[in-house]
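Right, one structure below, let's go through it.
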Amino acid sequence: MKQDRLIARFALEHSNSFEIITLFDGKVQREKLDKDNPVLKSISSRYTTATWFERKIRDDFDIKIVNAYDNRPLIHHERFPSVALMKKEFMNNEIKFSEYKPYKYESVKGDGVFEVAVGPIHAGIIEPGHFQFSQEGERILHLEVRHFYTYRGIEKVLEGKTLMEAKKMIERISGNESIAYQLAWFDIVMQASQNGYDEKLKKYHCMLLEFERLIHHLTDIGFIPNDAGFGAALSFASMLAEDTRVFLKELCGHRFGFGAVSFDVKDYDKDKIVEFLDDLDSRVRWFEDWIVDIPSLWDRLDTTGVLTAQKAQKYGVVGVVARSSGVKIDRRDGDFYKKYGFVLQSEEIGDVASRFKLRIKEIYNSISMVRNFIDSTCRVDKPIGFKDGEYTSFVESSIGEIFMFIKLKNGFIERFYARDPSFINWQALYLMMEKDIIADFPLINKSCDLSYAGSDL
Amino acid sequence: MIKFWKKRAENSIATRHLKFDKDLEEIKKELKSKIGKKFAGSLAIRMVSSGSCNACEAECNALLNPYYDLERLGIHFVASPRHADAMLLSGVVGVNMYHHILDAYHQMPQPAYIITLGDCPLLEGTFEKSVAIKGAKSLDLPIFHHIAGCPPEPKEIIEGLLTFLKHLP
C-alpha cells in the first residue's frame, strides 16, 4: 500500500494546550494535547522517520510519547539536564550540566559481533556526529546514526525576534544550504507582508540558489571518487568548485551567499556569467568524459550503498538521495522552474554510482537554468508591516527539500521550525549499509552528503 | 588516464586569479620558512567543529584544493589530536560538544595551541551566548590565536596561520 510521505511533525505551545502538527505531502493533521499531562500517540510504526521527530518533541516539550519503540533522548545528550528547553516557561539563558547518563546504542549481539564507535570528532575536516557500527568482521550488520552534537538551540533563540532580525541566524543554519534557507525565509516574508514576489527578483534569487547547488555538487563529484581512493578527481573538481565560489562572491558579495537574498538585485555583468558558464560546462564535460573511463573507480561505486525505491518511499527520503533511487520528488518541479529550463533528473538503481551520476546531470541542468535566469536588475520596497499568522515554505536546496514554519504573533516570531532534508535522510542512511563493508561507509556517507548542522539546528 | 595526462600537459598550472596568486605566493613563502623554523617543517592541525554552520569546514577543505594547497607548505590536517600541534576550533561550542572538546584538548601533546576560527567561537558574530551556546571562553582553555571572519576566506585563514606562527614564542 502506498503511504503518504511524512514531511514534518512538530509541536506548538499555546497558553493552555500543546498542538502537534503533522505534515504529510498534501495534508496536515493537527492534534491538541492537554497541557498538564501531555501524551502523544506515536505514529512511528507506520512512518519510521517519525521516530526522530517524536524523540525531539519529547526532549523539547517534555511530552510523553506512547507506543513508541524508541524512547531514548535525542537532543539531550549524556550531560544535558532534563529540562524542556522549548517550553515558554523556560526562560533561563544558561543550563547547568547534569550527571553523566550513559546512552544505550542500538547494537547487534552475538558470537564474534563487535561494535565500532566513530565520532563525534571525525578524522577529516567535518562536522561532529556519531556513528555506531555493529560489525561481523568487515561486514556492517547495523549502523546507528546519533547526531545533535551541533545543537545550537536556534528554534528557541529565534523566538521573540522579528522576521528581519531572524535573517542572519537563519542563513547560518547550514552553511552549504544558506541560500536555500534564505529563500525559504524570503518566501515567508513575502507571504506575511502580502507583497507579490517580483518575477525579476525571483529569477535572481533562483539563480543564486542554482549557483549554490553547482558548488555543492561540484564539491561532491570530487569527494565521492576521493573516498574511493581516486584523489585526482578531487583535485580537479575542487578547482571547479573554488572557481564557482569565487564567481559567486563576485556576483553577490559573499562566498557562501550570506546576506545575498534581499530586496534588490545587485548589478552584474551578464556576458561574464555566460562566459563563466561556457567554461564551466566544457570543463565538467571533460571531467565526465575522463571519469567514465576509470574502471577501478566504477568497481567501487557500482552496487555500493543501494537504497531501493521501495525503501526510499517508505522512509520518505527527499532530494538527491530520493531521485537517485527513482523517487521523483523535487520542489522545483513546477511551472516557474519549468519555464526556465528545469528538467527533473533521476536515476534508477540508487547506489553510490547513481548518486554520483545524478549530481553530474543536475550540474548540467543547473548551468542551463542559470543561463535562463539572467535578467536585468530590479528593486522592490522593503515590507513595512507583517501580518500575524502561520506561514510555511518549501525550497529545494542542494541536499533536498527544506521545510520552514514560522508563526508570527504581534509581529514577533512565536515559533520557528525548520526541517532540513538531512533530518529525514540521516534516518535512512543505515538502510544503505546492508550489503556493504565498513570501508565503504565513508563513500556511501559522502555520496549522500548530508548536513549535520542543518539537521541539528 | 591518458586523457588526464594529456590535459595536464595542455594546461599545467592553474592561474586564474593572477593578482591573487601573486599575493598568495608571498604569504606562502613566508609561511613555509616559519614552519620550517618553528615546527621542523611540519605543522599538524586538528580541526574541531563545535557547532558551526559548516561554512568554516568548507573553507578549510578549500585550503587543500590546488589553488591553495596547504599540504605542500607542511601544514597537515591530522586525524587524531594526539598527532596535533594546534587545534583549529570552529563553531559556537554548543552544550553537546563542550566535554568532547575538552577531551580532545587533553589528548594533545603539550605545548598545544588553540586557534579559534571564525566569529562563532568567541561569539563575535551572529550567535550570542544563549541557552545551548556556551562559547569558547567558557572552556577555560588558553586561546592562543583568533582568525576572524564569517567564515574567514581561505586566504584569510592562511594569513591567520602566518600571524599565529609569528606570535609563537
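Within every chain, numbering begins at 1; the chains are lettered A, B, ... in the order of the sequence lines, protein sequences first and strands thereafter.
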Query raised in the report: Which region of B/Val95, side chain (C-beta onward) or backbone (N, CA, C, O), has a non-hydrogen atom less than 4.5 Å from a non-hydrogen atom of chain A, or is it both or neither?
Result: both
Requested in this report: Check A/Ser238 against B/Asn65 and note the closest heavy-atom contact, atom names and distance.
Outcome: OG-CB, 3.2 Å
Query raised in the report: Looking only at heavy atoms, which of residues 93-101 of chain A get nearer than 4.5 Å to chain B?
Result: A/Asn93, A/Glu94, A/Ile95, A/Phe97
Query raised in the report: Side chain, backbone, both or neither: which part of B/Lys134 has a heavy atom under 4.5 Å from chain A?
Result: side chain
Query raised in the report: Once you round to the nearest 0.5 Å, how far does CZ of A/Arg245 lie from OH of B/Tyr67?
Result: 14.0 Å
Query raised in the report: For B/Cys150, is it the side chain, the backbone, both or neither that has a heavy atom under 4.5 Å from a heavy atom of chain A?
Result: both
Requested in this report: Go through the atoms of B/Leu64 and report whether side chain, backbone, both or neither lie under 4.5 Å from a heavy atom of chain A.
Outcome: side chain
Report summary line: When the 4.5 angstrom heavy-atom criterion is applied to B/Val78 and chain A, the contacting part is backbone
Query raised in the report: Say you draw a straight line from CD1 of A/Ile121 to CE of B/Met97; how long is it, rounded to the nearest 0.5 Å?
Result: 4.5 Å
Query raised in the report: Which answer fits B/Ser130, side chain, backbone, both or neither, if we ask what part of it has an atom under 4.5 Å from a heavy atom of chain A?
Result: both
Requested in this report: Pick one of side chain, backbone, both or neither for A/Phe256, based on which atoms fall under 4.5 Å of a heavy atom in chain B.
Outcome: side chain
Please output the side-chain donor-acceptor pairs of residues 158-169 of chain B that fall under 3.5 Å, not counting sequence neighbours, one pair per line with the distance.
| residue | atom | partner | partner atom | Å |
| --- | --- | --- | --- | --- |
| B/Thr163 | OG1 | B/Glu159 | O | 2.7 |
| B/Thr163 | OG1 | B/Gly160 | O | 3.2 |
| B/Lys166 | NZ | B/Glu30 | OE2 | 3.2 |

Query raised in the report: Any side-chain heavy atom of B/Tyr98 within less than 4.5 Å of one from A/Arg79?
Result: no
Report task. Using a cut-off of under 4.5 Å on heavy-atom pairs, state which of B/Cys56, B/Ser50, B/Ser52, B/Gly91 scores highest against chain A. Result -> B/Ser52
